[in-house]
Amino acid sequence: AAGLLEGQSIVSVTLASAGAPAGADAGEYAILVSDAVAAEGTQLANYQVTYVPGTLTVGPRTLSVAPLADQGKVYGGVDPELLFTVEGLVDGDAVMGALGREEGEDVGEYGFTLGTLAADDGNDGENYVLELAGEATFQVVARSLVVTPAAGQGKTYGDPEPSIAFTLTDGSLVGEDAFAGGLGREAGDAVGSYAYTLGDLAVSDGNGGANYALSLGGAETFSITARTVTIGGGFTVATRPYDGTTAATVASNDLVVVNAVEGDDVSVAPVAVFADALVGSGKTVTLTDATSLAGGDAANYVLDMTGSPT
């Protein structure tokens, strides 16, 4: 108290305020002062007592909102309800609204936001200050697609590489997303079976294809089959004495492989016979089915004897 003579004092006053109860809403309240009680030897009748009101400030309570870990969705899916825990609510109050997250639909991590969360406290939420807690993030993960090459695909040895057909056998594309590029196969040009690869197949999704995880389905393989060739050119056989057989010995081999791939190492290994075993000159000589192909690339061909030289 101000204005009292030395040695005199006031020992108590009565204070009252609308904000005094523990459950008062956040805000400022007037503190009303009355009923001063003087110390022994102090006569308040000798003073003009003026009561100066004060201010009681009830500050908002911090409410900690902690999003649960491991929340997210698959690219293209609908956002789930976001779950969280709260600390700091006064009994009887509640939280309404929904937690939110940063905008974005591409694969990646997104921070949580308070969204539309507010406290239902009978004071339009003014009794609380909401704060996000923790380090959890919302995860958008890649959408899985399984592509399966069509059955029965391949080519004839030496022919150009065809486009590889496939179907989407598991998963689905989102919106306007579309496949780009194409499937590939193991390297190799020789006759045989080759496993398929994803090649440069991707999805045009506006995110460099990162919104999808592609994998191959099925057990199909790409087949390179032998190239059919025929025989051209000519040959001669050696003269020999009669031996009762039709066997002929090739003296000069000018036979060529027709329809072979340029540069390949493949040639004709002829086996010839006379038309009959009798003695004679100018006899017809033909190549038998024992005639084969020779050379390092011979395995990539199948020989058709139709129309072979005689």
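Worth saying up front: this structure is predicted, and the values here are computed from it rather than measured. When a residue number appears, it is its place in the shown sequence, counting from 1.
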Margin query: Would a single hydrophobic cluster contain both Val13 and Ile31, if residues Ile, Leu, Val, Met, Phe, Trp and Tyr are joined by side-chain heavy-atom contacts under 4.5 Å?
Written below: yes
Next item on the list: Please round to the nearest 0.5 Å and tell me the distance separating atom NZ of Lys283 and atom OG1 of Thr239.
Entry: 12.0 Å
Check: For the residue pair Ala30 and Ser17, what are the closest heavy atoms and their distance?
Finding: O-OG, 3.1 Å
Notebook entry, point to check: Looking only at heavy atoms, which two atoms of Val229 and Ala260 are closest? And how far apart?
Noted result: CG1-N, 3.9 Å
Check: Between the side chain of Arg101 and the main-chain N/O of Gly72, is any donor-acceptor distance below 3.5 Å?
Finding: no
Item checked: Arg61 with Asp121: basic N within carboxylate O range, under 4.0 Å -> no
Checklist line | Gln71 side chain reached by Leu82 side chain, heavy atoms, under 4.5 Å | finding: yes
Item checked: Side-chain donor/acceptor of Glu186 to backbone N/O of Tyr194, under 3.5 Å -> no
Next item on the list: Without swapping roles, check the side chain of Thr116 against the backbone of Ala98 for a donor-acceptor pair under 3.5 Å.
Entry: yes
Item checked: Exceeds 12 heavy-atom contacts within 6.0 angstrom, atom CG of Asp276 -> yes
Margin query: Using the rule given for side-chain contact (heavy atoms from CB on, under 4.5 Å), can you reason through Leu173 versus Leu145, listing the C-alpha separation, both sets of side-chain angles and the distance that settles it, and then say yes or no?
Written below: CA-CA 8 Å; Leu173 292 169; Leu145 299 180; 3.7 Å; yes
Check: Does one side chain, of Ser172 or Arg143, offer a donor that lies under 3.5 Å from an acceptor on the other?
Finding: yes
Notebook entry, point to check: Does any donor atom in the side chain of Ser252 or Thr236 lie under 3.5 Å from an acceptor atom in the other side chain?
Noted result: yes
Margin query: Please give me the minimum heavy-atom distance between Ile224 and Arg185, naming the atom from each residue.
Written below: CD1-NH2, 3.8 Å
Note to self: Do Tyr128 and Asp93 pair up side chain to side chain, a donor and an acceptor below 3.5 Å, judged on atom types alone?
What the structure shows: yes
Next item on the list: Go through Val140 and Lys73 one step at a time and tell me if the side-chain contact (heavy atoms from CB on, under 4.5 Å) criterion holds.
Entry: CA-CA 5 Å; Val140 178; Lys73 68 172 184 176; 4.3 Å; yes
Next item on the list: Report yes or no: does Asn300 contribute a side-chain atom to a donor-acceptor pair with the main-chain N or O of Arg227 at less than 3.5 Å?
Entry: no
Next item on the list: Go through the side-chain N and O atoms of Asp297 and Tyr157 and say whether any donor and acceptor fall under 3.5 Å apart.
Entry: no
Notebook entry, point to check: Do you see a donor-acceptor pair shorter than 3.5 Å between the side chains of Thr50 and Gln48?
Noted result: no
Next item on the list: Check whether any side-chain N or O of Thr42 sits under 3.5 Å from a backbone N or O of Ser9 as a donor-acceptor pair, and report yes or no.
Entry: yes
Note to self: Working to the nearest 0.5 angstrom, can you tell me the gap between Glu102 CD and Glu109 CD?
What the structure shows: 10.0 Å
Check: Given side chains that start at C-beta, do those of Leu63 and Leu89 come closer than 4.5 Å, heavy atoms only?
Finding: yes
Next item on the list: State the CD-CG distance between Gln139 and Asp70, to the nearest 0.5 angstrom.
Entry: 8.5 Å
Checklist line | Side-chain donor or acceptor of Glu126 paired with backbone N/O of Asp25 under 3.5 Å | finding: no
Checklist line | Leu168 to Val147 - nearest heavy-atom pair and separation | finding: CD1-CG1, 4.2 Å
Check: Side chains of Phe235 and Asp254: closer than 4.5 Å at any heavy-atom pair?
Finding: no
Checklist line | Crowding at CG, Asp124 (>12 non-hydrogen neighbours, <6.0 Å) | finding: no
Note to self: Check whether Tyr29 reaches the backbone of Val58 with its side chain - one donor and one acceptor, N or O, closer than 3.5 Å.
What the structure shows: no
Note to self: I'd like to check Tyr301 versus Asn259 (side-chain heavy atoms, cut-off strictly below 4.5 Å). Are they in contact?
What the structure shows: no
Item checked: Path from Leu287 to Val285 over hydrophobic side-chain contacts below 4.5 Å -> yes
Check: Are the side chain of Gln8 and the backbone N or O of Leu5 linked by a donor-acceptor pair below 3.5 Å?
Finding: no
Margin query: Would you say that Val33 contacts Leu15 through its side chain, given a criterion of any heavy-atom pair below 4.5 Å between the two side chains?
Written below: yes
Check: Sub-3.5 Å donor-acceptor pair from the side chain of Thr169 to the main-chain atoms of Val146, do we have one?
Finding: yes
Next item on the list: For the residue pair Phe166 and Leu216, establish whether any side-chain heavy-atom pair is separated by less than 4.5 Å.
Entry: no
Next item on the list: Locate the shortest heavy-atom distance separating Leu183 from Ile164; write the atom from each residue and the value.
Entry: O-CD1, 3.7 Å
Next item on the list: Taking the side chain as every heavy atom from C-beta outward, state whether Val174 and Val203 have any pair of such atoms under 4.5 Å apart.
Entry: no
Margin query: If I compare all heavy atoms of Ala133 with all of Pro67, which pair ends up nearest, and what's the gap?
Written below: O-CD, 3.4 Å
Notebook entry, point to check: Taking C-beta and beyond as the side chain, do Leu99 and Leu132 meet within less than 4.5 Å on heavy atoms?
Noted result: yes
Checklist line | Worked check of side-chain contact (heavy atoms from CB on, under 4.5 Å) between Val268 and Val257 | finding: CA-CA 7 Å; Val268 179; Val257 179; 3.8 Å; yes
Next item on the list: State the CG-CG distance between Asp159 and Asp189, to the nearest 0.5 angstrom.
Entry: 11.5 Å
Checklist line | Shared hydrophobic cluster, Leu255 / Val273 (ILVMFWY, side-chain heavy atoms < 4.5 Å) | finding: no
Next item on the list: Answer yes if Phe138 and Leu68 sit in the same cluster of Ile, Leu, Val, Met, Phe, Trp and Tyr residues linked by side chain heavy atoms under 4.5 Å apart, and no otherwise.
Entry: no
Check: Can Ile10 be reached from Leu32 by stepping across I, L, V, M, F, W or Y side chains whose heavy atoms are under 4.5 Å apart?
Finding: no
Next item on the list: For Tyr75 and Asp205, test the side chains for any donor-to-acceptor distance below 3.5 angstrom and give the result as yes or no.
Entry: no
Note to self: Atom CG of residue position Asp200 - does it have more than 12 heavy atoms of other residues, nucleotides or ligands inside 6.0 Å?
What the structure shows: yes
Checklist line | Distance in Å, Glu161 CD paired with Phe222 CZ, rounded so as to fall on 0.5 Å steps | finding: 4.0 Å
Next item on the list: Could you tell me whether a side-chain N or O of Thr291 sits under 3.5 Å from a main-chain N or O of Val271, the two making a donor and an acceptor?
Entry: yes
Margin query: Distance check, rounded to the nearest 0.5 Å: Gln153 atom CD versus Ser223 atom OG?
Written below: 10.0 Å
